[in-house]
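Here's the structure, in structure tokens; my notes come after.
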Amino acid sequence: MPSNICRLISIFGLSLLLFSTAKGQSQNEYKRVYLSGKDAASQVYWDFKVSDGRKKEQWTKILVPSNWEMQGFGNFNYGHDHKNPERKVADEIGYYKHEFDVPSAWRKNVVNLVFDGAMTDTEVKINGEIVGPIHQGGFYRFSYDISDFLDFGSKNILEVKVYKRSSNQSVNKAEREADFWIFGGIFRPVFLEVVPHNHFTRIAVNAKADGFFEALITVKDVPRLSEIQVQLVEQKSGEVVGEFAQAIDSDSVWLSHVFPGVKSWNPETPNLYIARFSLIRNKKILYQKTEKIGFRTVELRSQDGIYINNVKVILKGVNRHSFYPTTGRALSEANHLEDILLMKEMNMNAVRMSHYNPDERFLELADSLGLFVLDEVTGWQDGYDTIVGPKLIQETVLKDANHPAVIAWDHGNEGGWNFQNEPFFHLVDVQKRPIIYPWLNRNGIDTKHYPTYDSPEGRLDKSGNIFMPTELLHGMYDGGLGAGLDDFWTKYSKSPLFAGGFLWVFSDEAVIRDDKGGMLDSDGNHAPDGILGPYREKEGSFYTIKEVWSPIQLGAFIPTDGFDGKIQVTNNYLYSDLSTSKLEWSVEKNDSWKDAEKLHSGSVLLPNVKPGQSTEVDLGLPITWRDGDVLKIAAIGINGEELYTWSEAIRKPKEGNPSYFSSRPELDSQIITVRESSVDIHISIGEKLFVFGKDRGNLQLVKVGKSIINLNQALNPEGVNASVEKVTWKQMKDGTIQIMSTYDTYPKKLTWTVFTTGELMMEASAPESSLDLQGIGFSFPEEKVLSAKWIGNGPYRVWANRMKGVEFGLWEKEYNNTMTGHSFENLVYPEFKGFHADFHALLLETEEGRIEVRTETPNLYMGLFKPVLPENSTPGTKPVLPHSDLSFLYSIPTIGTKFHLGSEMIAPETVKASRGEQASSMILWFRFD
């Protein structure tokens with residue numbers, strides 16, 4: 001840019017000019033007038049009819065913006081329906097009419113009609129006249145100058161015809177035959193832009209982290225002897241931090257300036273500024289528009305990494321569809337805010353827009369709350385042609401380019417691209433952001449989808465390119481996502497080429513089907529892949545991700561007698577030190593199934609630990625901290641938010657159980673009587689009766705008073721009983737009874753002891769090898785279960801490759817039959833059924849009575865009944881489950897993904913750790929009431 005056309009205006013002079021012309025400024029500012037609602041929470045009724053399906057050929061009303069299927073019109077389709085001969089692919093047309101006023105005062109203005117998204121081919125008329133070419137492409141902002149079509153000072157008629165399928169087959173293949181729900185309609189806002197005749201037609205900003213600022217400005221009808229003035233205001237304080245002006249003499253001009261001392265933008269400190277652009281002639285503001293910007297620099301350094309503000313970043317991200325069950329792709333401010341806050345709660349710093357660019361408001365919130373964004377041009381395994389593709393790329397960039405959150409462009413997905421269209425990104429994008437091809441190794445980034453833990457698909461040390469899988473650990477039903485994440489992340493993070501990854505996917509996409517009685521439909525197993533349920537219910541993987549991706553990490557701590565209260569702290573932030581963070585700790589005590597009592601608590605401020613560094617921190621525990629049962633440590637982040645809370649048992653089960661139940665009344669000793677038949681042994685103690693089988697030596701049922709408790713040690717968890725070698729029983733000197741059994745395989749020896757207090761103790765010899773589901777199982781009628789309290793890890797269930805995200809404590813949950821990703825009408829979390837690690841004790845409330853089980857054996861898992869697996873589960877999401885209803889196990893199975901089995905190859909370190917120490921004999925105590 002020639003220096004002779006650049007001149008600086010004094011800060012005082014420009015401030016005076018900008019703020020002393022408030023009246024002119026108000027009249028000549030950019031103005032937006034909505035014809036629809038701003039979002040799905042503020043919709044406006046338009047006249048409407050649809051050509052086919054529900055309510056076809058009936059002129060009525062529809063709320064705009066919306067997908068017409070969600071308003072009771074037309075037909076529902078999932079993108080795969082085009083391959084299913086039993087399903088009709090809807091091709092209906094929607095007809096919209098809307099009347100709006102145009103003030104006479106607008107007569108000298110330019111009025112643009114803007115659509116933020118309509119699916120898909122869209123024809124627009126004003127007062128009966130077509131205003132421009134039909135727009136093709138369903139996820140993009142497009143506009144028409146309608147100034148010459150308006151009747152100023154009177155009412156005007158807007159007519160819109162929206163075709164659900166495009167006349168351009170590449171649009172249909174890219175958008176309408178994809179692996180997601182296919183909707184129709186005007187689903188994003190429609191508005192008028194009212195601007196003076198002389199106005200900016202484009203403002204494209206490139207603001208660097210070092211304060212260098214440049215902008216490409218295009219102007220309609222540049223006035224002679226005019227200039228553009230730029231004022232920069234810090235958003236939070238409102239302080240003017242700098243301003244400059246530059247003369248212009250063409251309709252396209254580059255501005256440049258350096259703003260010293262600006263604060264850069266990043267997800268941890270998302271500093272934003274308001275850049276106010278003014279077109280001025282003879283000290284009069286002809287037009288003014290503001291842009292919210294952030295100063296940040298994006299670099300892709302070949303065979304090295306992605307650098308943002310000269311910092312090598314690791315993106316901890318997720319794929320996100322614009323979707324909500326009740327409104328489809330028409331979303332509200334609350335929807336966007338909820339999703340971003342949930343991502344931040346999971347300690348994510350990035351999101352991929354799959355598989356289209358998002359609502360304007362989502363990006364505004366990503367800017368202000370702090371998320372890196374991969375912005376995507378649609379193309380699900382098929383790309384746009386060279387006719388429509390360049391237009392849609394341009395529309396994406398023009399709409400989204402000034403958002404600092406957007407750090408890269410995705411050109412389609414899994415083959416959904418046309419390489420001939422790639423140059424059009426940088427033709428329009430003044431920042432020249434990286435162009436990524438999700439699933440492909442191109443432009444220096446290998447984005448391989450769904451690499452396994454130890455396969456050549458990882459390519460970390462093979463291609464030499466940056467490695468960043470844009471889809472990772474497919475989360476169908478309860479599989480993937482958190483399962484394997486810790487191992488993947490640990491392994492990949494060791495490579496200097498690793499730049500992070502994006503989990504598939506944020507939430508289950510199940511849509512309310514009013515044509516099917518209001519059911520939530522995920523089209524079988526095509527769309528239940530989320531970390532969250534359709535209404536953002538938190539599944540177990542939510543907390544695993546939260547722990548693994550916490551920017552403050554604690555070294556392993558085992559609060560036994562040897563623990564001195566000192567703990568290793570690592571800073572995994574990218575940009576922030578820990579001087580504003582802290583650890584909060586507490587010591588709690590459990591007593592007789594009551595709520596935990598807090599004995600001690602405290603906090604410690606963290607030192608100025610730089611990103612990537614570690615230090616040792618002394619919690620300052622009191623001398624009597626070992627009187628408690630649980631030690632909890634919470635990491636509090638740079639903004640005062642809880643990043644994660646870890647908790648561990650202060651003692652092992654044998655030592656803990658006397659403490660947990662110290663206030664429980666002692667049971668009286670009573671006389672035991674035994675009655676033996678040819679098939680069983682009846683042992684009576686007061687009002688209790690225990691029945692054991694003589695052929696296997698197993699507990700078969702319990703009777704307390706008149707109530708029968710049908711707890712039956714019927715099967716090993718694997719469902720195969722060992723062959724019995726011998727069963728004997730005897731009465732000890734103290735009156736207790738022992739039933740002893742030996743078997744040819746595990747358990748080689750099993751002993752039941754019936755005490756005179758009415759308690760039972762079972763001891764099974766230690767296993768000789770470690771296998772999934774090895775342990776002891778019981779049957780119990782599931783329909784009789786009410787709730788469970790337990791001391792162990794919770795509250796969510798675990799798998800052998802998803803051990804993080806749960807913590808030790810006293811937990812409680814009511815019975816439910818939640819099938820994650822499937823039973824949408826009754827999703828209750830945590831799921832009742834499943835495995836829990838570090839089992840100490842259980843209280844099962846049933847209609848037949850209370851069953852209490854305690855163990856003296858460390859590192860056991862408790863299995864609460866058998867989770868029901870959705871019928872469309874793929875092999876990877878069908879782990880081997882116990883045949884028994886209540887299980888106590890040395891090891892549990894892994895769970896896989898839609899594409900991979902849950903074998904040790906995808907999480908070997910976690911699985912190895914989940915096996916625990918060398919197994920000892922299993923001791924369980926039982927009490928019945």
Under a 4.0 Å threshold between the charged nitrogen and the carboxylate oxygen, would [Y] count as salt-bridged to [X]?
X      : Y      : answer
Lys432 : Glu299 : no
Asp116 : Arg141 : yes
Arg352 : Asp410 : yes
Lys161 : Asp121 : no
Arg165 : Glu92  : no
Arg87  : Asp523 : yes

Donor-acceptor side-chain pairing of [X] and [Y] below 3.5 angstrom:
X      : Y      : result
Asp521 : Tyr78  : no
Asn206 : Gln431 : no
Asn168 : Asp385 : yes
Glu193 : Tyr30  : yes
Asn421 : His411 : no
Asn465 : Asn441 : yes
Asp251 : Thr218 : no
Glu376 : Ser354 : no
Tyr95  : Glu159 : no

Aromatic ring pairing Phe467/Tyr492, orientation class (parallel under 30°, perpendicular over 60°, tilted between):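 Answer is perpendicular, since the angle exceeds 60°.
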Phe899 and His474 aromatic ring geometry - parallel, tilted or perpendicular at 30°/60° bounds: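 Rings of His474 and Phe899: perpendicular, as their planes differ by over 60°.
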Check whether any side-chain N or O of [X] sits under 3.5 Å from a backbone N or O of [Y] as a donor-acceptor pair, and report yes or no.
X      : Y      : value
Asn77  : Ala90  : yes
Glu214 : His257 : no
Arg176 : His82  : no
Asp145 : Asn112 : no
Arg296 : Pro404 : yes
Arg320 : Val505 : no
Asp367 : Ala405 : yes
Trp504 : Asn319 : no
Lys399 : Asp359 : no
Tyr96  : Val64  : no

Option among Ile217, Val205, Ile203 that satisfies the side chain to side chain contact (heavy atoms under 4.5 Å, CB included) test with Leu255: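 Answer to the side chain to side chain contact (heavy atoms under 4.5 Å, CB included) test with Leu255 among Ile217, Val205, Ile203: Ile217.
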Criterion side chain to side chain contact (heavy atoms under 4.5 Å, CB included) against Trp409, the qualifying member of Ile436, Asn357, Asp400: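 Exactly one candidate clears the test, Asp400.
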Nearest heavy-atom neighbours spanning Val313 and Ile308: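 Smallest interatomic distance, heavy atoms only, reads CG1-CG1, 3.6 Å.
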Minimum heavy-atom distance Ile293-Ala207, with the two atoms named: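 Distance-wise, the nearest heavy atoms are CD1-CB, 4.3 Å.
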Working for salt bridge (Lys or Arg N to Asp or Glu O under 4.0 Å), residues Asp39 and Arg361: CA-CA 9 Å; Asp39 62 14; Arg361 186 55 181 155; over 6 Å; no
Check whether any side-chain heavy atom of [X] lies under 4.5 Å from a side-chain heavy atom of [Y], and answer yes or no.
X      : Y      : answer
His199 : Val110 : yes
Phe213 : Val258 : no
Phe115 : Arg188 : no
Leu392 : Gln136 : no
Asn75  : Glu69  : no
Phe372 : Val351 : no
His197 : Lys220 : yes
Val428 : Ile393 : no

Using a 6.0 Å distance limit plus a 45 degree cone around the ring axis, check whether [X] lies over the aromatic ring of [Y].
X      : Y      : value
Lys289 : Phe200 : no
Arg329 : Phe183 : no
Arg442 : Phe419 : yes

Criterion side-chain contact (heavy atoms from CB on, under 4.5 Å) on Trp254 and Val430, from CA distance to verdict: CA-CA 10 Å; Trp254 281 92; Val430 300; 3.7 Å; yes
Does a sphere of radius 6.0 Å around [atom1] in [X] hold more than 12 heavy atoms from other residues, nucleotides or ligands, not counting ones at 6.0 Å or beyond?
X      : atom1 : result
Lys38  : NZ    : no
Lys173 : NZ    : no
Gln420 : CD    : no
Lys312 : NZ    : yes

Check: Phe295 ring centre within less than 6.0 Å of Trp265 ring centre: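 Centroid separation for Phe295 and Trp265: 6.0 Å or greater.
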Arg32 vs Glu360, salt bridge (Lys or Arg N to Asp or Glu O under 4.0 Å): CA-CA, chis, key distance, verdict: CA-CA 14 Å; Arg32 183 180 289 190; Glu360 176 182 59; 3.0 Å; yes
Test log, rule ring-ring contact (aromatic ring centres under 6.0 Å, His included), inputs Trp380 and His80: CA-CA 11 Å; Trp380 190 85; His80 289 324; 5.7 Å; yes
Side chain to side chain donor-acceptor pair (under 3.5 Å) assessment of Asn443 paired with Glu422: CA-CA 11 Å; Asn443 292 344; Glu422 180 179 326; 3.2 Å; yes
His449 vs Glu414, side chain to side chain donor-acceptor pair (under 3.5 Å): CA-CA, chis, key distance, verdict: CA-CA 8 Å; His449 283 187; Glu414 297 180 358; 2.7 Å; yes
Intermediate values then yes/no, ring-ring contact (aromatic ring centres under 6.0 Å, His included), Phe180 and His321: CA-CA 9 Å; Phe180 47 74; His321 270 294; 5.5 Å; yes
Stepwise side chain to side chain donor-acceptor pair (under 3.5 Å) test for Trp439 and Asn413: CA-CA 7 Å; Trp439 182 68; Asn413 171 73; over 6 Å; no
Step-by-step side chain to side chain donor-acceptor pair (under 3.5 Å) determination, Tyr384 to Glu175: CA-CA 9 Å; Tyr384 297 118; Glu175 300 180 9; 2.5 Å; yes
